[in-house]
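So you know, we letter chains A, B, ... as the sequences are listed, proteins then strands, and number each from 1. Because the structure is predicted, anything quoted here is derived from the model rather than measured.
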Protein chains: 2
Amino acid sequence: MGRKRTKSGKIRLAEVAELAGVSPITASRFFRNPEALSIGKRTRVESAAKELGYVPNLAARALASQRTEVIGVLIPSLTNNVFSDVLRGIYDASEGSRYSIQLSNTRYSILQEEKLLRLFLAQKPAGLIVTGIDQTTESRAMLEAADCPIVQIMEIGPDPVDMMIGFSHYDAARAAVAHLFEQGRRKIGFVGARMDPRVQRRLDGYVSAMKDAALFEQRLVVTTATPTSVTLGGALFTDLLAREPNLDAVFCANDDLALGVLFECRRREIAVPEQIAIVGFNDLEFMASAVPTLTSVRTNRYEMGKTAATMLIEAIDGRRPEQPVLDLGFRVIERQSSSPRHSDSRPTVSSAGAANKMVALPSSHD
Amino acid sequence: MGRKRTKSGKIRLAEVAELAGVSPITASRFFRNPEALSIGKRTRVESAAKELGYVPNLAARALASQRTEVIGVLIPSLTNNVFSDVLRGIYDASEGSRYSIQLSNTRYSILQEEKLLRLFLAQKPAGLIVTGIDQTTESRAMLEAADCPIVQIMEIGPDPVDMMIGFSHYDAARAAVAHLFEQGRRKIGFVGARMDPRVQRRLDGYVSAMKDAALFEQRLVVTTATPTSVTLGGALFTDLLAREPNLDAVFCANDDLALGVLFECRRREIAVPEQIAIVGFNDLEFMASAVPTLTSVRTNRYEMGKTAATMLIEAIDGRRPEQPVLDLGFRVIERQSSSPRHSDSRPTVSSAGAANKMVALPSSHD
DNA sequence: AGGAACGTTGACAGCGCTACCAGCAACGAC
DNA sequence: GTCGTTGCTGGTAGCGCTGTCAACGTTCCT
């Protein structure tokens, strides 16, 4: 009798154990901790499993063991290039491990994030990767109460929930503005879209740098809640120019906007960098290839994702990192779009060669 | 005794049922098919669940019901903008449904795809979305034997495994070339990277169109297996020009390459479109914003993902579409980069305005 | 009025696996 | 020789939920 619902063809652990001549529990151990078996049984179980094409039933395992081998990842957007690089790092790090990635999109809403967090935690994930440090009080409490390792990515800040990996958007923006000061720019505009917490911190960094130099003016800042795009960069820049015709530089909260600004300059026959300097943020691949090549703040997105997932997996396996907070830093990559006014801004063909060498950059494509 | 391992705080279906004064099985039905309950019990269970903050244990559900509520998605790349649009559509469609998305990256390897497929199928997914029509024989057999609905996306072709949604890359490439012919172009080069099956079909379409016009020459084709990038577009174009200095147009297998070609033209002071016309593929957002604006073949990527997931979910729920194969088509979006040689190619500011209107395009950002 | 049909509910028995603990042999220490 | 100690193995008893089927009350038909 019994096992009424079992389909005949189904290979269960019991079948493997029977073929190997061991008890099911021994076979089970083979898959979780092979070293615990004697060599003889180990090879017997191994070949039996292969012969039958056994694949463990993860639902049963999760139910019995009261934990899953799922790493939950909460990111705000699937569209944004930035997150696709981070994600690629996460997926790469998870490959080969026994953990699988469960992705959810918060759509830049911390309420949505809270809801998803509740859902995730109920499934007892092995670990969690969450974006940023701006959770709701409720979310924060859930994260602190969670009995799994957690990595916050994209930013660093005080009191991490658990582990944290990112960089200071505030400092990065200040560095970008400082670079423009060094090039002799004074009327530096800020162009930002979406204005999520990280973009907001870039704005804060810009504002503080400008204030330090006694150059801040509110009208130099043009932002919108609209999602970012190249086209939007052109539109925001148009606004900015109308407010301040004597602008001599633009710091863009991301590279898409910077590209849009570049195109708009071309349309208006504004010389870059002679009249206006442009600095972007993230250093996407095309920045090195544009004409003129575009200065940007390089952030280590792929590495961030990969390290986050690696740290998380190590922590799950009991090896907590000695450094729970990792600052991956940033670097202002100075290119033609922000070179000094009087330099030759178009060493054209030779610069193209230089740009082509950048194909090999680590944080490029897969 | 019993329930030794149960943590005190854990809310199970039994607790909800007890608070609601019904049997566990009735409570269970509430979550799966509320209509089957009388109004009274329905509201009682509902409020009990809310009061206790009950969240179902998916592992237990999967084990008991012998099926999961997971939709497996196999795509070849996370980096490619094209797939991020498709994915966004898939995630959007899955939201609000009870299905969750399990993503895996085949890295453009059909062997890797086969391996992942085996893994997925062992977990009895509710449905599967796979990219393209070029599976291994083994994969194909597994897909046909799978007892869940399957959607193939990105392409259409003969004998679908189950459902299929996409468009003909071959026809799209032919249309792009036909457009260039109409503009009076003859020496039309092809630039392609990665050369996955879909890019290969675009090349095939290009070759056939060129042969039909008796204009095909092998040296007009420059391809590489390297992953695509803007910089690479410039490099491939440089090769192409060396092979054929009298080139009058380039058809690029994707928009990143097209942007790279545009920048390279600018670097070399080649007038676009007067000397050389450029046509891209996919119609990414920046194409409408570039200077000159870039012609491209629009493909409905977001819609493809969304429709694929929607069809799949409907099929899972037993409502199979009347049309198992859906051709989403494409459209050549004609812009300045391929306008006739003698037209005014830079109605600059007014065209910028036009470009800005394109912010509202459906297949843009989230 | 009797019975069929329907809508609603509950009891029972697992789903495939693992935590827990017990047992057993082999080994070394005293 | 006895007593731990270690290494490996197995039995038992669930993990939390749902499929199946039977049973109930109600309504509608003849």
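- Between the P atom of D:dC17 and the CD atom of B:E69 lies a distance of 13 Å, rounded to the nearest Å.
- Relative to the side chain of B:S28, the nucleotides D:dG16, C:dC17, D:dT18 differ in distance, and D:dT18 lies closest.
- At least one side-chain heavy atom of B:L13 sits under 4.5 Å from a side-chain heavy atom of B:F31.
- In the set D:dG19, C:dG16, D:dT18, the nucleotide with an atom closest to the side chain of B:R67 is D:dG19.
- Within the nucleic acid shown, B:Y54 comes within 4.0 Å of sugar-phosphate atoms alone, with no base atom in reach, counting heavy atoms only.
- If you run side-chain contact (heavy atoms from CB on, under 4.5 Å) between A:M163 and each of A:Q323, A:M311, A:E314, A:Q152, only A:M311 comes through.
- Checking B:A59 against B:R32, the closest nucleotide of DNA chain D that is more toward the 5' end is the one next to B:A59.
- Pairing each heavy atom of B:S77 with each of B:Y108, the nearest pair is CB-CE1, 3.5 Å.
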Quick one: what's the B/S/- string for nucleotides 5-12 of chain C, heavy-atom cutoff under 4.0 Å, read 5' to 3'?
---SBBB-

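- Listed by first and then second residue, the side-chain hydrogen bond (donor to acceptor under 3.5 Å, both in side chains) pairs that reach into residues 21-38 of chain A are A:S23-A:T26, A:S28-A:R32, sequence neighbours excluded.
- Here B:L116 contributes atom CG and A:E95 contributes atom CD; the two are 7.5 Å apart, rounded to the nearest 0.5 Å.
- For the atom pair A:I133 CD1 and A:R140 CZ, the distance stands at 9.5 Å (nearest 0.5 Å).
- Rounded to a whole Å, the CZ atom of B:F31 is 9 Å from the P atom of D:dT18.
- For the pair B:Q66 CD and D:dC17 C1', the computed distance is 12 Å after rounding to whole Å.
- Looking at heavy-atom distances under 4.0 Å, B:R42 makes no contact with the nucleic acid at all.
- Within a 6.0 Å radius of CZ in A:R67, no more than 12 heavy atoms belonging to other residues, nucleotides or ligands are found.
- One can place CZ of A:F30 at 13 Å from P of C:dT18, the figure rounded to the nearest angstrom.
- Between the C1' atom of D:dT18 and the CG atom of A:L63 lies a distance of 12 Å, rounded to the nearest Å.
- For A:N57 and C:dG14, the CG to P distance is 18 Å, given to the nearest whole Å.
- Protein atom CZ of B:R61 is 8 Å distant from nucleotide atom P of D:dC17, rounded to whole Å.
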